[in-house]
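Single-structure report; data block below.
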Amino acid sequence: MAQRTLSRLALTPAVALAALVGFAAAPAQAAVWSSSDQWGTYTTSDNYILYNNIWGSGAGAQSIWANSSSDWGVWADHPNTGGIKSYPNAKKVVNKPIGSLSSLTSTYNVTVPSSGAYNTSYDIWDSDYDYEVMLWVNYNGAVGPLGTSQGNVTLGGHTWTVYKGDNGSNQVFSFLRTSDSTSGTVNILPILKWIKDTKGWWGNETIGDVQFGYEITSSAGGLDFRTNGFGVSAG
């Protein structure tokens, strides 16, 4: 998996033009902010950052809109080909070591399409971007995690299948919910402590970004992804 926060890939001029054309044809959204820019960003009044983040090769058109950190969405028309095209997301910066956190929780509520290939996921990074923790709350189509299965574990109010891998730039720990969910609360801190204390896969890392969004592989014809509620609380 490539690093979504510090993405390095750029769209070709042809794809960039397709994105502009696609945005013009996208459904209109009456929103406080919207963007079809590849790296379009917006900071909300409560200091969440929205990011369009079209980072994968072969991407098509995508536009993001937002009224707030808990009311935003994406329209995407990516071709039916392999490889992740984008990870539009909202993020909250935490910047606290695991050992100094007394709590880290998040709520989510989404409406996702029944077609396409994507996952709805948290993407949690340490401050140095050496480690990535993904929590897939639902997924559809031909998508799969990086690495090898480590079995199932029940943590943070959910049961997950855990995968451990390395993308060449950073370690990736993926937790795939064993059944799809479109709304709920995740107690994130026990997951981070399980990685640290039970498995020993990392030390007392400083947690930087807690991102939540849609990792889209394909959405041919144009699909809507909507976040009806989202929030992160750290103590």
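Just so we're clear, the structure is a prediction, and the values are computed from it rather than from any experiment. Excluded from the calculations below are hydrogen atoms, water molecules and symmetry mates; all remaining heavy atoms, backbone and side chain alike, are included.
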- Message: Quick one, Y87 with S121, criterion side chain to side chain contact (heavy atoms under 4.5 Å, CB included). Give me CA distance, side-chain angles, the key distance, then yes/no.
- Response: CA-CA 9 Å; Y87 180 62; S121 57; 3.6 Å; yes

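- Between N53 and N89 there is a side-chain heavy-atom pair separated by less than 4.5 Å.
- Considering only residues two or more places apart in sequence or on other chains, T111 meets the side chain to side chain contact (heavy atoms under 4.5 Å, CB included) condition with R226, N228.
- No side-chain donor from either of S181 and N138 sits under 3.5 Å from a side-chain acceptor of the other.
- Remark: aromatic rings of F212 and Y122 are close, center separation under 6.0 Å.
- Judged by distance alone, the side chain of S219 and the main-chain N or O of H78 form a donor-acceptor pair under 3.5 Å.
- For the pair V94 and L104, the minimum side-chain heavy-atom distance is below 4.5 Å.
- Distance alone, capped at 3.5 Å, places no donor-acceptor pair between the T107 side chain and the T185 backbone.
- Looking at residues two or more places apart in sequence or on another chain, you find a side chain to side chain contact (heavy atoms under 4.5 Å, CB included) between S69 and T44, D46, Y48.
- Rounding to the nearest 0.5 Å places OG of S63 at 7.0 Å from CG of N52.
- Each of Q38, E215, Q62 was compared with S86 under the side-chain hydrogen bond (donor to acceptor under 3.5 Å, both in side chains) criterion, and only Q62 meets it.
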Original post:
Can you list the steps and then say if E132 with D123 is a side chain to side chain contact (heavy atoms under 4.5 Å, CB included)?
Top reply: CA-CA 7 Å; E132 177 183 14; D123 208 5; 2.7 Å; yes

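- Placement of Y108 and V93 in two distinct hydrophobic clusters is found when ILVMFWY residues are connected by side-chain heavy-atom separations under 4.5 Å, directly or transitively.
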Validation: residues 187-204 side-chain donor-acceptor distances under 3.5 Å, sequence neighbours left out:
| from | atom 1 | to | atom 2 | distance (Å) |
| --- | --- | --- | --- | --- |
| W202 | NE1 | L192 | O | 3.3 |
| N204 | OD1 | I98 | N | 3.4 |
| N204 | OD1 | G99 | N | 2.7 |

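- With sequence neighbours left out, the salt bridge (Lys or Arg N to Asp or Glu O under 4.0 Å) criterion links D180 to no other residue.
- Between N140 atom CG and T217 atom OG1 the span is 10.5 Å, to the nearest 0.5 Å.
- Put simply, the side chain of D126 gets close to the backbone of Y131: a donor and an acceptor are under 3.5 Å apart.
- I49 is linked by a side chain to side chain contact (heavy atoms under 4.5 Å, CB included) to T43, K91, counting only residues two or more places apart in sequence or in another chain.
- Relative orientation of the W160 and H158 rings is tilted, given thresholds of 30° and 60° on the angle between their planes.
- T41 OG1 to W33 CH2: the interatomic distance, rounded to the nearest 0.5 Å, is 6.5 Å.
- Atom-to-atom distance recorded for S218:OG and I84:CD1 is 11.5 Å, nearest 0.5 angstrom.
- For S115, there are no side-chain hydrogen bond (donor to acceptor under 3.5 Å, both in side chains) partners two or more places apart in sequence or in a different chain.
- Note: Y214 and Y118 fail the aromatic proximity criterion, with ring centroids not under 6.0 Å apart.
- Remark: the backbone N or O of G229 is not paired with any side-chain donor or acceptor of T227 at under 3.5 angstrom.
- The structure places CZ of F225 at 11.0 Å from CH2 of W75, a figure rounded to the nearest 0.5 Å.
- Across all non-hydrogen atoms, the minimal contact from P79 to G60 is CD-N, 3.9 Å.
- Distance CD/Q211 to CG/L50: 11.5 Å, rounded to 0.5 Å.
- Looking at N80, its side chain never comes within 3.5 Å of a backbone N or O of A220 through a donor-acceptor pair.
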